[in-house]
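Since the structure comes first, as structure tokens, the remarks are kept for the end.
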Number of protein chains: 2
Amino acid sequence: MPRRCGKGPRWFCGELRGCGRRLTEAREIVLGVVDKSDEHLSAEDVFRAVRRVNRGIGLTTVYRTLDLLVNMNLLSRCDFGDGRARYERIRGTKEDHHHHHLVCTECKKVVNYRDFIEEEIELLGKTEKALSRKFNFTIRDHLIQFYGLCDKCRQRD
Amino acid sequence: MPRRCGKGPRWFCGELRGCGRRLTEAREIVLGVVDKSDEHLSAEDVFRAVRRVNRGIGLTTVYRTLDLLVNMNLLSRCDFGDGRARYERIRGTKEDHHHHHLVCTECKKVVNYRDFIEEEIELLGKTEKALSRKFNFTIRDHLIQFYGLCDKCRQRD
DNA sequence: GGTTTTAATGAAAATGATTTTCAATAAGAA
DNA sequence: TTCTTATTGAAAATCATTTTCATTAAAACC
Ligand SMILES: [Mn+2]
Ligand SMILES: [Mn+2]
Ligand SMILES: [Zn+2]
Ligand SMILES: [Zn+2]
């Protein structure tokens, strides 16, 4: 009889075990930190939050864990062009909380939006079909981002 | 009477002078290299090509010049997620040769496509209006990229 | 043509996010 | 509990890009 996995939610423990991985405090804390936040956190952001819970966890481990969680499809890694990766939790089904981003090029503020997502998805389908045929590509993912100036930055100029 | 600008196309010389800049051999060669190519060149790629014309030009100058040309709106800087910027010439009017990218996540091959560009533009307009109202954003630019597997990489797996 | 101003340059050093190395630690199977 | 080996932290390494600074050369002005 396998010993009850000490800490952390069962499902997470299970997912990890499933691929021969171990449930550690660092992994729990990192997942918890990103999960709680509704921001787009950098590795450094996550590191700072993690340290508040356990001072002993190193930046290297945070990087490694974020990588792992992205590969497990629990987090998504974003690039808003400021030279550092950012992470956010993928909630529920893939299609469920799908959203795109609106980035202020001035203050780097990022807004999630879902307006016209349906139309974007429809366009995606169309494009996928056409490009698949034309270039023999299998499309797996897409990136749609809008750049501009937020309210405050527009006025400031 | 201002001396005739020695080398290079008049328009380029003029554009530079217009903002208090000087026309140099490095700038001419860099622009020429990116202009001739129909690839998405990294700074290193450009550097190698530039050296074939003039061995004396340094990598630093290539970086500086690429920056300048992007700011002058002659080149566009792309990010395909491989950790280095890539550059391509912007031809003609902005709307004219507008295209989006299809990136193979395996071999990093990049394809330009224009299929459904009209629909994408239409969607952009719609989204711009809605997001502008909802979030008080002024949209200036957008990024639409598809990721997947090219023909060869699909078969190889 | 020559002289002057200062933008542009190259080499080397610095930067900064991320990755690698490696010896020590601890998860979890038995 | 013991044993295997995945995971970890600290320090060093990587690598694209930027900064520094002394030198060079556009081009404005004689
Ligand atoms: Mn988001
Ligand atoms: Mn292109
Ligand atoms: Zn802003
Ligand atoms: Zn490929």
Side-chain angles (χ1 to χ4, degrees), chain A residues 1-8 10 12-31 41-48 50-51 54-72 77-87 108, chain B residues 1-8 10 12-31 41-48 50-51 54-72 77-87 108:
Chain A
M1 187 197 315
R3 183 158 36 132
R4 163 85 175 79
C5 182
K7 19 177 183 174
R10 268 271 180 58
F12 187 34
C13 183
E15 290 255 317
L16 286 166
R17 296 260 183 100
C19 40
R21 295 252 144 84
R22 295 172 182 178
L23 179 60
T24 66
E25 202 188 346
R27 287 172 179 177
E28 257 193 285
I29 298 176
V30 169
L31 183 57
L41 303 169
S42 67
E44 202 74 43
D45 291 335
V46 174
F47 179 54
R48 274 194 295 272
V50 163
R51 286 191 103 193
N54 178 332
R55 179 59 57 87
I57 294 171
L59 179 57
T60 311
T61 295
V62 169
Y63 271 108
R64 278 190 288 230
T65 304
L66 288 171
D67 251 23
L68 176 70
L69 296 174
V70 168
N71 287 332
M72 289 174 72
R77 195 198 315 271
C78 314
D79 174 8
F80 300 132
D82 65 340
R84 71 191 58 196
R86 291 181 176 275
Y87 302 84
K108 314 302 177 193
Chain B
M1 182 198 318
R3 182 159 38 134
R4 163 83 176 82
C5 180
K7 22 180 180 168
R10 268 269 180 58
F12 186 35
C13 184
E15 291 254 319
L16 286 165
R17 294 261 184 100
C19 39
R21 294 255 146 81
R22 295 172 182 178
L23 178 60
T24 67
E25 202 188 345
R27 287 171 179 177
E28 256 192 284
I29 297 177
V30 169
L31 182 57
L41 303 170
S42 67
E44 202 73 44
D45 290 335
V46 175
F47 178 52
R48 274 195 294 272
V50 164
R51 287 191 101 193
N54 179 332
R55 180 58 57 90
I57 294 171
L59 179 57
T60 312
T61 296
V62 169
Y63 270 106
R64 279 190 287 231
T65 305
L66 288 171
D67 252 23
L68 176 70
L69 296 175
V70 167
N71 287 331
M72 290 174 73
R77 196 198 314 271
C78 313
D79 174 8
F80 300 133
D82 64 341
R84 70 193 58 198
R86 292 181 176 275
Y87 302 84
K108 315 302 179 193

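Letters A, B, ... mirror the listed sequences (proteins, then strands); counts begin at 1. Values below: all heavy atoms of this structure, side chains included; hydrogens, waters and symmetry mates excluded.
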Nucleotide nearest A/Arg64 (side chain, heavy atoms from C-beta), chosen from D/dA10, C/dA8, D/dA27: D/dA10
Can you spot which of B/Val30, B/Leu59, B/Leu66 makes a side chain to side chain contact (heavy atoms under 4.5 Å, CB included) with B/Phe47? B/Leu59
So does B/Thr24 get a side-chain nitrogen or oxygen closer than 4.0 Å to the phosphate oxygens (OP1/OP2) of C/dT9? yes
Measure from the side chain of A/Ala26, starting at C-beta and using heavy atoms only, and say which of C/dT9, D/dT17, D/dT8 lies closest. D/dT8
Would you please confirm or rule out a distance under 4.0 Å between OP1 or OP2 of C/dT19 and any side-chain N or O of A/Tyr63? no
What integer distance in Å separates B/Glu25:CD from C/dT9:C1'? 12 Å
If I take atom CG in residue A/Leu16 and atom P in nucleotide D/dT8, what distance separates them, rounded to the nearest angstrom? 10 Å
Round to the nearest Å and state the distance from B/Ile29 atom CD1 to C/dA8 atom P. 16 Å
Assess whether one donor atom and one acceptor atom, taken from the side chain of B/Arg22 and the base of D/dA27, lie less than 3.5 Å apart. no
Please give, in whole Å, the distance from C/dT21 P to A/Leu59 CG? 18 Å
So which nucleotide from C/dT18, D/dT17, D/dA27 ends up closest to the side chain of B/Ala85? D/dT17
Touch check for A/Arg27, heavy atoms < 4.0 angstrom, all strands: base, sugar-phosphate only, or nothing? sugar-phosphate
With heavy atoms under 4.0 Å as the rule, sort B/Arg21 into base, sugar-phosphate or nothing. sugar-phosphate
Nearest to the side chain of A/Thr60, heavy atoms from C-beta on, is which of D/dA11, D/dA27, D/dT17? D/dA11
Atom CG of B/Leu68 and atom P of D/dA26 are separated, to the nearest Å, by 16 Å
A/Arg21 side chain vs A/Glu15 backbone, donor-acceptor pair below 3.5 Å: no
Got a salt bridge between A/Asp67 and A/Arg77, using NZ or NE/NH1/NH2 to carboxylate O under 4.0 Å? yes
Is A/Asp45 salt-bridged to A/Arg86, cutoff N-O under 4.0 Å? yes
What distance separates B/Glu28 CD from B/Thr65 OG1, expressed to the nearest 0.5 Å? 11.5 Å
May I have the distance from A/Leu23 (atom CG) to C/dA26 (atom C1'), rounded to whole angstrom? 13 Å
Considering only heavy side-chain atoms of B/Arg84, the closest of C/dA8, D/dA16, D/dT20 is D/dA16
Let me know, please, whether A/Gly83 or B/Val62 comes out on the 5' side of the other along DNA chain C by nearest nucleotide. B/Val62
A/Phe47 CZ to C/dG16 C1', straight-line distance once rounded to whole Å: 15 Å
How many whole angstroms separate atom CZ of A/Arg51 from atom P of D/dA10? 8 Å
